[in-house]
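All values reported here derive from a predicted model rather than from experimental measurement.
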Amino acid sequence: MSETLNVEATLSEDGQFMNDAQKDYFRKKLLAWKAEILRESRETLAALANDNSNLADAADRASSETDRAIELRARDRHRKLIAKIDSALERIEEGTYGYCEETGEPISLKRLDARPIATLSLEAQERHERREKVYRDE
């Protein structure tokens, strides 16, 4: 999306966090991201459907199957991402978008601009990742 978030301008409109201009910006950004993912998915599915892998060579068949498995895993990741985008869009409508699920504090606009599906503030995310690492290392 070519439109960029001007943090100062959107904050200074009424001094309120997650004002109408900010909600509109993030709604458009999320919808555009979702549309792009869905377009890519349609293209991939069409390519997979048209791929008649009647390859005689075993190595070519194995390579084709590996490529197909990688594409299907990517599609699964995109399916999960779409669910997160839909959840973010619901939070915009409910008025909870942009607030940390753990602390209730606002998530920085720069973080939301970089990761519009974020549900945790940077500090809460770092704590979460540290806890995850500790449990994973045990």
Query raised in the report: side chain to side chain contact (heavy atoms under 4.5 Å, CB included) between Q16 and Q22: does it pass, once the steps are laid out?
Result: CA-CA 10 Å; Q16 173 186 341; Q22 293 164 342; over 6 Å; no
Report task. Apply side chain to side chain contact (heavy atoms under 4.5 Å, CB included) to K34 and L81, showing your working. Result -> CA-CA 9 Å; K34 181 179 176 178; L81 183 55; over 6 Å; no
Report task. Kindly indicate, with the supporting measurements, whether the criterion side chain to side chain contact (heavy atoms under 4.5 Å, CB included) is fulfilled by F26 and I117. Result -> CA-CA 10 Å; F26 287 113; I117 57 173; over 6 Å; no
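Between R68 and E71 no salt bridge is recorded (no basic side-chain N to carboxylate O distance below 4.0 Å).
Applying the ring pair (Phe, Tyr, Trp, His ring centres under 6.0 Å) test to residues at least two apart or on different chains, none of the pairs has a partner in residues 58-85.
The aromatic rings of Y99 and F17 stand perpendicular to each other, their planes meeting at an angle above 60°, with 30° marking the opposite boundary.
Residues that satisfy the side chain to side chain contact (heavy atoms under 4.5 Å, CB included) test with D67, not counting sequence neighbours, are S63. In this structure R77 satisfies the side chain to side chain contact (heavy atoms under 4.5 Å, CB included) test together with R73, A74, sequence neighbours excluded. Residues passing the side chain to side chain contact (heavy atoms under 4.5 Å, CB included) test with A124, sequence neighbours excluded: C100, E102, L120, S121, R127. T96 is linked by a side chain to side chain contact (heavy atoms under 4.5 Å, CB included) to R91, E94, counting only residues two or more places apart in sequence or in another chain. Residues that satisfy the salt bridge (charged side-chain N to carboxylate O under 4.0 Å, His left out) test with R27, not counting sequence neighbours, are D24, E93.
Rounding to the nearest 0.5 Å gives a distance of 5.5 Å between CD1 of I82 and OG of S41. Taking OG of S108 as the reference point, atom CG of L122 lies at 7.0 Å (rounded to 0.5 Å). L89 CG to L30 CG: the interatomic distance, rounded to the nearest 0.5 Å, is 5.0 Å.
Within 6.0 Å of NZ in K23 there are more than 12 heavy atoms belonging to other residues, nucleotides or ligands.
With hydrogens and angles disregarded, a donor-acceptor distance shorter than 3.5 Å links the side chain of T66 to the backbone of A62. Panel note: side chain K29, backbone D113; a donor-acceptor pair is recorded below 3.5 Å.
The closest side-chain heavy-atom distance from Y97 to I107 is not below 4.5 Å. With a 4.5 Å cut-off on side-chain heavy atoms, D76 and R79 count as touching. No side-chain heavy atom of I85 sits less than 4.5 Å from a side-chain heavy atom of L31.
Screening E129, H128, E123 for a side chain to side chain donor-acceptor pair (under 3.5 Å) with Q125, the sole residue that qualifies is E129.
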